[in-house]
J.: 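First the structure, then my questions, so here it is.
Please read all numbers here as calculations on a predicted model, not as lab measurements. Numbers restart at 1 for each chain; the letters A, B, ... are given by sequence-line order, proteins then strands.
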There are 2 protein chains.
Amino acid sequence: MTVHSPSPHASSKHTRVLLADDHELVRDGIRARLQKVPELEVVGEATNGRDAVNLALELRPDVLLMDVSMPVMNGLEAAMEIRKTRPDIAVLILSVYDNPEYVRGVVQAGARGYILKDISAAEMITAITSVASGGYYFSSAVGPTLVGANTSAPVEDPYGLTDRERQVLTAIARGQPNKEVAKDLGISVRTVESHRLNLREKVGNKNAAQLYKVAQDLGLLD
Amino acid sequence: MTVHSPSPHASSKHTRVLLADDHELVRDGIRARLQKVPELEVVGEATNGRDAVNLALELRPDVLLMDVSMPVMNGLEAAMEIRKTRPDIAVLILSVYDNPEYVRGVVQAGARGYILKDISAAEMITAITSVASGGYYFSSAVGPTLVGANTSAPVEDPYGLTDRERQVLTAIARGQPNKEVAKDLGISVRTVESHRLNLREKVGNKNAAQLYKVAQDLGLLD
DNA sequence: CATCTTCTCAGTAGTTCTACCGAGAAGTAC
DNA sequence: GTACTTCTCGGTAGAACTACTGAGAAGATG
């Protein structure tokens with residue numbers, strides 16, 4: 001972790017920013033962008049969530065610009081730590097993955113914004129200014145998630161389900177017992193049971209009630 | 001409705017703002033605030049939603065800063081109109097009521113932000129810049145609503161469930177088997193079964209998978 | 001051709017849930 | 001007090017699902 005010397009222009013009008021990302025290249029890029037704006041000052045850098053929390057407590061930045069995925073402690077856990085101890089520090093989550101699904105969790109973790117890697121310099125600065133002034137900022141791509149819509153970008157299947165398994169999952173989530181599913185798909189009940197067990201295995205051994213949630217997350221319902 | 005003459009400083013870098021509020025005093029205040037920022041230009045004013053839509057189509061502003069409550073057509077309806085015809089115009093909702101309850105509806109109506117009347121000039125400018133640059137901006141007061149907090153308007157229970165039944169339903173939806181639910185609530189498995197059967201009776205004989213949906217609809221989860 | 005995955009099906013045993021039955025204790029309403 | 005609801009608990013039976021096992025057929029991949 002790194003502590004930067006105060007800039008000679010430091011004043012109360014400046015927004016003090018702490019960077020946290022495990023990729024030096026990304027940090028360099030962000031710093032280069034922010035250096036162009038005199039009102040923004042990068043006061044330190046961290047390479048994991050734990051360091052970010054410690055540095056935030058020490059430096060008390062206005063904004064903590066932090067990647068979600070970092071070693072030791074990820075951005076969400078770090079955001080929760082920050083909220084518990086210093087809720088006045090605005091956490092702005094920078095996701096290198098274009099995954100709006102995180103948004104809810106991010107806000108629940110106490111973050112004040114969520115921006116994507118493909119953001120422009122101008123928008124990144126706007127986002128930092130936004131959270132620094134007390135608001136919430138979200139990249140345009142996360143709109144559907146904000147309104148609770150099923151993103152219609154069906155979410156790439158994180159479980160590696162097969163087509164048949166998806167069919168079975170859909171039917172189960174609709175509330176059909178195995179016997180009906182078997183009838184509808186024209187296969188044996190035992191086969192449906194096999195698929196069902198494989199599903200539970202793949203998605204993490206959740207039961208029937210929770211399979212509904214998985215189906216919903218995958219956009220299989222509606 | 002009013003159309004302002006182009007400022008002599010107009011350029012592509014400027015953000016063109018259309019104001020919509022039925023109170024002249026509010027419009028004057030906003031205009032006074034925005035005039036201090038050379039990058040922002042108020043290109044017109046409307047006093048109701050219908051005029052706002054018409055003016056927006058004519059002037060094609062970057063941002064439409066609009067009150068929710070207006071005569072003839074309110075801000076939400078106007079926002080929906082705008083989204084249908086010119087989704088590139090960022091609608092920023094200004095609520096004179098401190099009511100974060102609107103937030104979801106506001107975003108669903110196509111708005112890109114929601115700010116409250118007691119906002120500072122600096123934050124208002126930040127908000128306008130945020131939505132103009134393609135992001136979403138929300139005043140800090142709306143945080144609880146953003147995270148999907150149950151906003152204390154828990155969706156009137158259409159099934160007439162009792163408190164205990166809601167508890168059981170919540171646990172079931174989380175995927176807990178009856179035995180665990182019984183342990184957690186300190187009651188017999190048979191009692192949980194009774195509640196479960198009563199639940200199925202009340203909500204329309206849905207099975208475990210579908211009970212998740214009911215619990216979710218009632219806002220019991222999250 | 002050998003290998004892998006997917007989809008298919010079955011045996012066996014155990015657990016969990018469903019569907020009825022009935023009933024006592026506690027609190028509220030009239 | 002009587003009536004009502006809510007919450008509690010039990011018996012019994014059957015249906016449904018879980019948890020292992022193994023395995024054949026079809027298709028893609030190398």
Side-chain angles (χ1 to χ4, degrees), chain A residues 154-221, chain B residues 150 152-222:
Chain A
V155 180
E156 48 182 309
D157 180 355
Y159 305 112
L161 303 184
T162 66
D163 291 345
R164 204 55 157 171
E165 285 166 348
R166 252 185 295 273
Q167 287 180 350
V168 174
L169 173 57
T170 305
I172 291 172
R174 288 209 191 96
Q176 297 184 49
N178 290 350
K179 194 195 290 182
E180 278 185 32
V181 179
K183 193 179 170 190
D184 284 1
L185 297 181
I187 56 180
S188 156
V189 176
R190 309 309 305 273
T191 305
V192 177
E193 289 176 354
S194 289
H195 287 310
R196 188 174 193 131
L197 292 177
N198 290 336
L199 275 168
R200 290 163 58 89
E201 182 67 26
K202 283 187 179 178
V203 305
N205 206 27
K206 320 215 170 182
N207 68 2
Q210 297 247 286
L211 283 179
Y212 181 92
K213 175 173 169 51
V214 174
Q216 189 177 255
D217 289 345
L218 293 179
L220 299 179
L221 304 176
Chain B
N150 289 340
S152 74
V155 180
E156 46 184 310
D157 178 357
Y159 304 112
L161 303 185
T162 66
D163 291 345
R164 204 55 158 172
E165 285 166 348
R166 252 186 295 272
Q167 287 180 352
V168 174
L169 173 56
T170 305
I172 291 172
R174 288 209 192 95
Q176 297 185 50
N178 289 350
K179 194 194 289 182
E180 276 185 33
V181 179
K183 193 178 170 190
D184 285 359
L185 296 181
I187 56 181
S188 158
V189 176
R190 308 312 303 277
T191 304
V192 177
E193 290 176 351
S194 289
H195 287 310
R196 188 173 192 132
L197 293 177
N198 290 335
L199 277 168
R200 290 163 57 89
E201 182 67 25
K202 284 187 179 179
V203 305
N205 206 27
K206 321 215 170 181
N207 69 0
Q210 296 247 286
L211 283 179
Y212 180 93
K213 174 171 170 50
V214 174
Q216 189 177 255
D217 288 345
L218 293 179
L220 298 178
L221 304 176
D222 290 15

J.: Starting from C1' on D:dT18, measure out to CG on A:N178 and report it in whole angstrom.
T.: 10 Å
J.: Name the residue closer to the 5' end of DNA chain D, choosing between B:E165 and B:V189 according to the nucleotide with the nearest heavy atom.
T.: B:E165
J.: Kindly indicate whether the side chain of B:R166, heavy atoms from C-beta on, has any atom under 4.5 Å from the side chain of B:D163.
T.: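 They are in contact (side-chain heavy atoms under 4.5 Å apart), so the answer is yes.
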J.: Are the side chains of A:L185 and A:R164 in contact, using a 4.5 Å heavy-atom criterion?
T.: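 A:R164 vs A:L185: side chains touch.
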J.: Just call it for B:S188: base, sugar-phosphate, or nothing, with non-hydrogen atoms closer than 4.0 Å on any strand.
T.: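 Contact class for B:S188: sugar-phosphate only.
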J.: Between B:H195 and D:dT8, is there a contact of a side-chain N or O with OP1 or OP2 at under 4.0 Å?
T.: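 Answer is yes, contact under 4.0 Å.
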J.: CG of B:L161 versus P of D:dC7: gap in Å, rounded?
T.: 10 Å
J.: Taking only the side-chain nitrogens and oxygens of B:T191, find out if one of them lies under 4.0 Å from OP1 or OP2 of D:dC7.
T.: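 Negative; the distance criterion is not met.
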J.: So B:R190, base contact, sugar-phosphate only, or nothing? Heavy-atom distance under 4.0 Å.
T.: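 The answer is base, as B:R190 lies within the cut-off (heavy atoms under 4.0 Å) of a base atom.
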J.: Distance check needed: D:dA13 P versus B:E193 CD, whole Å only.
T.: 16 Å
J.: Is A:R196 paired with A:E193 through a side-chain N to carboxylate O contact shorter than 4.0 Å?
T.: no
J.: Just to confirm, is there a sub-4.0 Å distance from OP1 or OP2 of D:dT5 to any side-chain nitrogen or oxygen of B:T162?
T.: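 No.
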J.: Rounded to the Å, how far apart are A:D163 CG and D:dA28 C1'?
T.: 14 Å
J.: In whole Å, I'd like the distance from the CG atom of B:L197 to the P atom of C:dC20.
T.: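 My rounded result for the distance is 9 Å.
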J.: Over all heavy atoms of both residues, which pair between B:A173 and B:A215 is shortest? Give the atoms and the distance, please.
T.: CB-CB, 3.5 Å
J.: Does the side chain of A:T162 reach to within under 4.5 Å of the side chain of A:K202, using non-hydrogen atoms?
T.: yes
J.: Taking OP1 and OP2 of D:dC17, is either one under 4.0 Å from a side-chain nitrogen or oxygen of A:R200?
T.: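 Answer is no, no contact under 4.0 Å.
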J.: Starting from C1' on D:dA15, measure out to CZ on A:R196 and report it in whole angstrom.
T.: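 One finds 13 Å between C1' of D:dA15 and CZ of A:R196, rounded.
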J.: Rounded to whole Å, how long is the line connecting atom NZ of A:K202 with atom C1' of C:dT5?
T.: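 Between C1' of C:dT5 and NZ of A:K202: 9 Å.
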J.: Can you find a donor-acceptor N/O pair under 3.5 angstrom joining the side chain of B:S194 to the base of D:dC7?
T.: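 Such a pair does not exist between side chain and base.
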J.: Rounding to an integer number of Å, can you tell me how far A:K179 NZ sits from D:dC17 C1'?
T.: 13 Å
